[in-house]
S.K.: 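The structure under discussion is supplied below as structure tokens; questions concerning it will follow.
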Amino acid sequence: MSVMGATTLVQTELFQQLLDSDEGELSTVCYRPEGLDRLVQQTKFSKKELQVLYRGFKNECPSGVVNEETFKNIYSQFFPQGDSSMYAHFLFEAFDTHNNGSVSFEDFVISLSIILRGSITDKLNWAFNLYDLNKDGCITREEMTDIMHSIYDMMGKYTYPSMKDSAPMDHVDSFFQKMDKNNDGVVTIEEFLETCQKDENIMQSMHMFDNVI
């Protein structure tokens, strides 16, 4: 699986738990925060889906917002065989669009809508923002190295019994060989979009969860 596919997969795990936890309880779900109609317009979720998601979100986060520590604790449940803390940190920063140290339900479903139901360009832009750790508009080799180590740590060494210690770096080398068209040591959004849209495997991974709900 490509890094894009792995990224989409781990995001979906959290979403699926929120959805499954409230299956069959639709009639009792009541979405209270203001702006439900606005969220229907801003996302590709229906009003009913948003109500279900909100109930699951509140079950996990009774305060209505998630701080980074809580986010990490929730995420660790999905990957008990590995250490998901660093990847969860990067993911939390991508969801925390206001940079205030917390993720609201609105923040969560807007990003989730992009990941699961956005256009290919929207999904790729979101992934680029995740990988661009310092948000300066380009992905450096150091940033991608940190991302790859966090993914391998999260999946756990025992998941890949034949994996070499050099595997994360090999993946980084492959990423830059494909993406860094002008060999300047960084990958821009233009290079990222162009390369991904021409890569059949990446395009398939972008459609992995189109019908998840």
Side-chain angles (χ1 to χ4, degrees), residues 1-15 42-45 68 71 75 79 82 84-99 103 107-155 160 163-164 166-212:
M1 182 183 293
S2 70
V3 64
M4 300 294 294
T7 298
T8 307
L9 174 62
V10 292
Q11 265 84 278
T12 305
E13 296 287 348
L14 181 57
F15 162 76
Q42 288 181 314
T43 71
K44 295 183 183 297
F45 295 126
E68 183 170 343
F71 191 86
Y75 226 75
F79 303 96
S84 63
S85 59
M86 187 53 68
Y87 186 84
H89 166 71
F90 296 146
L91 191 58
F92 180 85
E93 291 197 330
F95 275 95
D96 180 16
T97 55
H98 297 99
N99 298 313
V103 174
D107 296 331
F108 179 70
V109 294
I110 288 172
S111 286
L112 203 61
S113 176
I114 294 171
I115 295 165
L116 296 178
R117 296 181 176 175
S119 68
I120 292 296
T121 300
D122 288 342
K123 291 179 181 180
L124 291 175
N125 272 294
W126 197 93
F128 183 90
N129 182 65
L130 171 64
Y131 303 151
D132 178 16
L133 299 180
N134 67 358
K135 315 306 179 195
D136 67 348
C138 61
I139 301 171
T140 65
R141 183 173 288 271
E142 291 76 14
E143 286 172 327
M144 185 49 62
T145 299
D146 288 343
I147 288 286
M148 286 311 308
H149 276 296
S150 73
I151 290 175
Y152 276 91
D153 287 347
M154 176 176 60
M155 302 308 288
Y160 304 96
M163 184 182 73
K164 298 179 181 179
S166 63
M169 287 305 302
D170 292 342
H171 210 131
V172 172
D173 290 340
S174 175
F175 178 88
F176 271 82
Q177 187 175 1
K178 285 183 179 180
M179 302 276 183
D180 185 11
K181 298 297 186 183
N182 61 358
N183 297 311
D184 64 350
V186 298
V187 174
T188 64
I189 183 61
E190 292 80 13
E191 289 173 322
F192 186 77
L193 291 175
E194 178 184 354
T195 305
C196 289
Q197 289 169 345
K198 292 179 179 178
D199 189 302
E200 184 177 343
N201 291 330
I202 291 176
M203 287 298 94
Q204 287 178 350
S205 73
M206 291 290 95
H207 290 292
M208 283 174 67
F209 302 99
D210 283 355
N211 299 310
V212 70

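Keep in mind it's a predicted model, so treat the numbers as computed, not measured.
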S.K.: Checking Asp132 side chain against Gly137 main chain: does a donor-acceptor pair fall under 3.5 Å?
M.R.: yes
S.K.: Could you tell me whether the side chain of Met86 reaches within less than 4.5 Å of the side chain of Asp153, counting heavy atoms only?
M.R.: no
S.K.: If I compare all heavy atoms of Ile110 with all of Gln42, which pair ends up nearest, and what's the gap?
M.R.: CD1-OE1, 3.8 Å
S.K.: Between Asp180 and Gly185 (side chain of the first, backbone of the second, donor and acceptor by atom type, cut-off under 3.5 Å), is there such a pair?
M.R.: yes
S.K.: What do you reckon, is NZ of Lys198 surrounded by more than 12 foreign heavy atoms closer than 6.0 Å?
M.R.: no
S.K.: Stepwise, does the side-chain hydrogen bond (donor to acceptor under 3.5 Å, both in side chains) test hold for Asp122 with Ser119?
M.R.: CA-CA 5 Å; Asp122 288 342; Ser119 68; 3.2 Å; yes
S.K.: So do Leu91 and Phe71 actually touch side chain to side chain, heavy atoms under 4.5 Å?
M.R.: yes
S.K.: Could you tell me whether the side chain of Ser113 and the main chain of Lys44 form a donor-acceptor pair under 3.5 Å?
M.R.: yes
S.K.: Assess whether side-chain contact (heavy atoms from CB on, under 4.5 Å) is satisfied between Phe175 and Met148, documenting all intermediate values.
M.R.: CA-CA 10 Å; Phe175 178 88; Met148 286 311 308; over 6 Å; no
S.K.: Please say whether the positively charged group of Arg141, taken as NZ for Lys or CZ for Arg, lies over the ring of Phe176, i.e. under 6.0 angstrom from the six-membered ring centre and within 45 degrees of the axis.
M.R.: yes
S.K.: Does the pair Glu68 and His89 meet the rule for a side-chain contact (heavy atoms from CB on, under 4.5 Å), with working shown?
M.R.: CA-CA 7 Å; Glu68 183 170 343; His89 166 71; 2.5 Å; yes
S.K.: Run the ring-ring contact (aromatic ring centres under 6.0 Å, His included) test against Phe90 and tell me which residues pass, sequence neighbours left out.
M.R.: none
S.K.: Over 60° means perpendicular and under 30° means parallel, so classify the ring planes of Phe95 and Phe108, tilted if in between.
M.R.: parallel
